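I have placed the structure first, in the form of structure tokens, so that the comments after it can refer back to it.
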Number of protein chains: 2
Amino acid sequence: MSEPQTAGPQLSRGEFGLLILGLLGRREMYGYEIVAELRRSSEGAIDLPEGTVYPALRRLERDGLIGGHWVEVAGGAPRRRYYRLTTQGEKALALGREDWLRFKSAADAVLGS
Amino acid sequence: MSEPQTAGPQLSRGEFGLLILGLLGRREMYGYEIVAELRRSSEGAIDLPEGTVYPALRRLERDGLIGGHWVEVAGGAPRRRYYRLTTQGEKALALGREDWLRFKSAADAVLGS
DNA sequence: CAGACTACCTAGAGTCTCTAGGTACGGGCG
DNA sequence: CGCCCGTACCTAGAGACTCTAGGTAGTCTG
């Protein structure tokens with residue numbers, strides 16, 4: 001699976017992963033923040049539970065698309081694991097955006113919206 | 001699932017089911033035809049294997065969203081199972097379209113496209 | 001006769017999402 | 001003080017879906 005065209009998994013496989021990459025394309029963020037930011041910047045339409053986001057972050061890191069590092073926070077607050085896109089992650093985001101655009105107009109064509 | 005808002009599964013769960021409902025909203029179709037029509041009307045962007053479509057049809061029928069009936073074809077050709085939307089399926093399609101529109105603009109907001 | 005095409009089907013592996021918790025610390029409130 | 005809320009991380013397990021890789025069966029074509 002490497003051809004960016006019609007073959008392979010069809011989006012909706014790792015779609016939320018793409019959304020996370022999209023956020024991290026803006027700036028470094030940590031998991032808990034991603035949950036809130038996803039909700040905020042989608043105006044509540046996307047509200048992923050932590051149990052979805054944390055495993056997704058681990059997968060993305062395992063696959064080399066993002067890199068994480070721990071940051072201690074003053075005042076005894078819980079430490080945060082900040083993530084940023086790797087070079088590979090930036091490529092994946094660019095490809096993912098294309099896939100998304102393709103899928104979007106395809107679905108619109110099918111759904112007639 | 002009943003609240004049309006933020007709760008519950010986030011689309012991308014049963015997304016292809018929605019696409020199938022979208023096709024069947026136009027006219028009656030059978031499985032093999034759906035595979036081809038999905039490919040055609042999405043201009044190749046969506047190309048689901050039969051192993052995805054047939055189980056999806058069974059689920060949709062099991063859940064009462066579509067109804068199927070066998071049609072014999074002249075000339076010894078394989079019989080076809082035609083499906084159409086039930087009343088419940090039409091409702092689900094309408095709700096699904098709304099979900100899709102919401103998800104689409106949310107994802108666009110996140111991805112910046 | 002081999003191969004392609006129509007049409008249906010399944011089992012099993014793999015992946016993802018979500019529920020439902022748990023850990024730990026600090027602050028506010030009665 | 002006890003309790004709950006908020007921050008921030010985590011996991012196990014169930015459930016759902018997608019895909020691969022087949023299989024069946026008949027027809028048609030070279």
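Chain letters run A, B, ... following the sequence lines, proteins first and then strands; every chain starts at 1. Since the structure is predicted, the reported quantities are computational estimates derived from the model, not experimental observations. Every heavy atom of this structure was used, including side-chain atoms; hydrogens, water molecules and symmetry mates were not.
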In terms of side-chain heavy atoms of [X], which of [options] is nearest?
X	options	answer
A:Glu50	D:dC10, C:dT6, D:dC19	D:dC10
A:Pro49	C:dT10, C:dC18, C:dA7	C:dC18
A:Arg81	C:dC18, C:dC8, D:dC9	D:dC9
A:Tyr32	C:dC18, D:dC10, D:dT7	D:dT7
A:Trp70	D:dC9, C:dT19, D:dT11	D:dC9

**Asked** Using 30° and 60° as the class limits, which term best fits the ring planes of B:Phe16 and A:Phe103: parallel, tilted or perpendicular?
**Response** tilted
**Prompt:** Pick from B:Ile34, B:Thr52, B:Leu93: which one makes a side chain to side chain contact (heavy atoms under 4.5 Å, CB included) with B:Ile20?
**Reply:** B:Ile34
Quickly work out the [X] [atom1] to [N] [atom2] distance and round it to whole Å.
X	N	atom1	atom2	value
B:Tyr54	D:dT24	OH	C1'	13 Å
A:Leu18	C:dC16	CG	C1'	15 Å
B:Arg79	C:dC5	CZ	C1'	18 Å
A:Glu37	D:dA8	CD	P	14 Å
A:Tyr82	D:dT7	OH	C1'	12 Å
B:Glu72	D:dA25	CD	C1'	13 Å
A:Arg62	C:dG14	CZ	C1'	11 Å
A:Leu57	C:dT17	CG	C1'	14 Å

Which part of the nucleic acid, if any, lies within reach of [X] when heavy atoms closer than 4.0 Å are counted: base, sugar-phosphate only, or nothing?
X	answer
A:Gly31	sugar-phosphate
B:Gly51	base
B:Glu33	nothing

**Request:** Give the intermediate values and the outcome of salt bridge (charged side-chain N to carboxylate O under 4.0 Å, His left out) for residues A:Arg84 and A:Glu90.
**Result:** CA-CA 10 Å; A:Arg84 77 181 70 182; A:Glu90 283 167 14; over 6 Å; no
**Request:** Return the 5'-most residue of the pair B:Arg59, A:Val73 with respect to DNA chain D, ranking by each residue's nearest nucleotide.
**Result:** A:Val73
**Asked** Taking for each residue the nucleotide of DNA chain D bearing the nearest heavy atom, is the 5' side occupied by A:Pro78 or by A:Thr52?
**Response** A:Pro78
**Prompt:** Which of these, A:Arg26, A:Arg80, A:Arg27, A:Arg40, sits in a salt bridge (charged side-chain N to carboxylate O under 4.0 Å, His left out) with A:Glu33?
**Reply:** A:Arg27
**Prompt:** C:dC8 phosphate, OP1 or OP2: any side-chain N/O from B:Tyr30 under 4.0 angstrom?
**Reply:** no
**Item:** B:Val71 reachable from B:Tyr54 in the ILVMFWY side-chain graph, under 4.5 Å edges
**Value:** yes
